[in-house]
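Heads up, the thing below is written out as structure tokens.
All values below were derived from every heavy atom in this structure, side-chain atoms included, with hydrogens, water molecules and symmetry-related copies excluded.
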Amino acid sequence: MQSRVVQMVEENKDPLVVPRTNGITRALPQRLLHLLMLFLFLCFTFSVASIYMIKYFGFHSIVPTIRPSLLPCIEEESKNLESWINPPSNLLHTMSDKELLWRASMVPRVKKYPFKRVPKIAFMFLTKGPLPLAPIWERFFKGHQGFYSIYIHSLPSFEADFPASSVFYKRQIPSQVTEWGKMSMCDAERRLLANALLDISNEWFVLLSESCIPLYNFNVIHKYISQSKHSFVGAFDDPGPYGRGRYDENMLPEVNISQWRKGSQWFEMSRKLALFIVEDTKFYPKFAEFCRPACYVDEHYFPTMLTIQASNLLANRSITWVDWSRGGAHPATFGKSDITEEFMKRMLAGPNCTYNDRNTSMCYLFARKFAPSALEPLFLLAPKYLGF
């Protein structure tokens, strides 16, 4: 009997424990439920507070400040023609010469412009530094905005101090050192042309130095250049030692001696010829390697290459007057004492030449070389003899 009681007690051990275990398992879900409800309440409270703060304190304004940094380039450049046809607002850039020439060589395939285009003359100044005759040019350009553009290639170390009212203000391009008679001189001229070509409105390109002056007023020069059928690039065959005598047979097969030309460094050319120059990779290496002093590349590269490429477009003369009567390797330089009324008359009374297949006595539009001291008398005589 006793053994049956013990057995029953032992068999009832588990049932006695089970109720306590069930109590614990019921308690745990209740606590989790409370925690879940508390979490949901906090989330709801935070959401309501966030909506209230955005509505009344303007946190949504953060979004517009982020979007403009990304969208203008996409929206304006892809949808607005102005971004493609407007000239660069700043001439300073970080392009290498290789990148610049590639960029400048791009041309529209459709010849008819889908906007009103006013053709301009690009006046390109190749100088070591200051422009001492700037007051003459300021007067020349006055009142003709929109019909010209200006580019200055100087020594890289030169910092211009033109006032904001000047036509030369911020017109310097990224430049490099140049040496007379070497390829670096032609590199500078190509650099000027390439930068000017970035303005799609530039149609004619004139190369000038800091010692140049205009011989007529702006209207006369603009009409003369814009109505000409030819570009004014000097290119002639000189059989002597300073012409063909500088030819190197290593120029073959790109250039043979019968195509070798000589001409003045100072030119005026159309956009089409300017593109020939900046896109050239055929003739440039030959001239860079085989035309070195006593072969002066700035006298031969452009005249020869353009004669081969487009001889029918060349006037075969320069429109920049110089005086070689004193002899030497360089033309005469004129100072203050040289600038008289008799000098002005002699300079303007040039020889006859051909313009649009007709004879004319108006052969030069610019003149050089004038020293800084010549500024005062030139400024005084300009209204009477130069027309401005």
Side-chain angles (χ1 to χ4, degrees), residues 90-93 97 100 121-141 148-199 202 204-215 221 232 264-269 274 277-278 296-299 301-302 318-323 329-336 339 364-376 378-379 382:
N90 189 344
L91 296 186
L92 297 179
H93 55 74
D97 278 358
L100 173 64
I121 301 176
F123 292 85
M124 308 179 304
F125 291 84
L126 181 57
T127 173
K128 291 182 179 180
L131 295 175
L133 304 178
I136 290 283
W137 288 100
E138 296 274 6
R139 185 194 283 177
F140 169 78
F141 288 120
Y148 69 87
S149 53
I150 295 172
Y151 302 86
I152 303 171
H153 187 292
S154 61
L155 289 173
S157 59
F158 175 70
E159 295 184 6
D161 58 352
F162 296 107
S165 58
S166 172
V167 297
F168 297 105
Y169 180 67
K170 291 187 175 180
R171 300 311 299 174
Q172 285 179 275
I173 66 168
S175 307
Q176 296 183 27
V177 175
T178 61
E179 295 181 79
W180 177 74
K182 295 186 178 180
M183 200 61 179
S184 60
M185 188 69 73
C186 292
D187 290 336
E189 295 170 18
R190 297 178 88 201
R191 207 171 289 126
L192 279 163
L193 286 168
N195 278 278
L197 282 167
L198 297 183
D199 183 346
N202 286 331
W204 306 282
F205 306 80
V206 179
L207 182 66
L208 303 159
S209 75
E210 74 276 12
S211 68
C212 287
I213 63 168
L215 294 179
I221 288 179
F232 296 98
S264 170
Q265 175 186 3
W266 312 102
F267 59 74
E268 178 280 325
M269 65 178 61
I277 288 175
V278 301
Y296 299 104
V297 67
D298 53 283
E299 295 181 2
Y301 174 36
F302 293 168
S318 173
I319 50 174
T320 301
W321 179 86
V322 289
D323 184 357
H330 301 281
T333 299
F334 304 103
K336 182 176 181 179
I339 312 304
Y364 299 108
L365 303 184
F366 309 97
R368 60 186 302 266
K369 301 172 56 177
F370 294 93
S373 63
L375 174 61
E376 182 181 353
L378 285 172
F379 202 77

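- Taking the six-membered ring where the residue is Trp, Trp180 and His330 present tilted rings, their angle falling between 30° and 60°.
- Proximity of Leu365 to Glu268: side-chain heavy atoms (C-beta onward) are nowhere separated by under 4.5 Å.
- When atom types are taken as modelled, the side chain of Thr127 and the backbone of Glu210 share no donor-acceptor pair closer than 3.5 angstrom.
- Rounded to the nearest 0.5 angstrom, Glu189 CD and Phe205 CZ are separated by 14.0 Å.
- Inter-residue side-chain proximity for Ile221 and Pro214 is flagged as met; some heavy-atom pair is nearer than 4.5 Å.
- The two residues Phe334 and Ala374 make their nearest non-hydrogen contact at O-CB, 3.7 Å.
- Distance check: Met124 CE to Asn195 CG gives 10.5 Å after rounding to the nearest 0.5 Å.
- To the nearest 0.5 Å, atom CZ of residue Phe141 and atom CD1 of residue Ile136 are 12.0 Å apart.
- The nearest pair of heavy atoms linking Cys186 to Phe302 is O-CZ, 4.2 Å.
- For Asp97, the side-chain contact (heavy atoms from CB on, under 4.5 Å) criterion is met by Gln176, Arg191, not counting sequence neighbours.
- Aromatic pair Phe125/Trp137: ring centres closer than 6.0 Å.
- Atoms CD1 and CG, from Ile339 and Leu378 in turn, are 4.5 Å apart once rounded to the nearest 0.5 Å.
- Contact record, Leu92 with Ile173: CD2-C, 4.4 Å, taken as the closest heavy-atom pair.
- Looking at Ser211, its side chain never comes within 3.5 Å of a backbone N or O of Arg368 through a donor-acceptor pair.
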Problem - Verdict with supporting geometry, Gln265 and Tyr296, side-chain contact (heavy atoms from CB on, under 4.5 Å) - result: CA-CA 10 Å; Gln265 175 186 3; Tyr296 299 104; over 6 Å; no
Handout entry: Pair Tyr148-Val167, side-chain contact (heavy atoms from CB on, under 4.5 Å): steps then yes or no
Key = CA-CA 10 Å; Tyr148 69 87; Val167 297; 3.3 Å; yes
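- A 4.5 Å side-chain heavy-atom check between Phe267 and Leu193 finds at least one atom pair inside the cut-off.
- If you check the side chains of Ser149 and Asn202, you find a donor sitting under 3.5 Å from an acceptor.
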Exercise for the section: Starting from the C-alpha separation in whole Å, work towards a yes-or-no answer on side-chain contact (heavy atoms from CB on, under 4.5 Å) for Trp266 and Val322. Expected result: CA-CA 10 Å; Trp266 312 102; Val322 289; 5.6 Å; no
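- At a threshold of 4.5 Å between non-hydrogen side-chain atoms, the residues Ser209 and Lys369 do not count as touching.
- A distance of 10.0 Å separates CD1 in Ile319 from CG in Leu215, rounded to the nearest 0.5 Å.
- A 4.5 Å side-chain heavy-atom check between Asp323 and Pro331 finds every atom pair outside the cut-off.
- No donor-acceptor pair under 3.5 Å is formed between the side chain of Thr333 and the backbone N or O of Ala371.
- Contact of the Phe140 side chain with the Ile213 side chain is not registered, since no non-hydrogen atoms from C-beta on lie closer than 4.5 Å.
- Atom OG of Ser166 sits about 7.5 Å away from atom CD1 of Ile150, to the nearest 0.5 Å.
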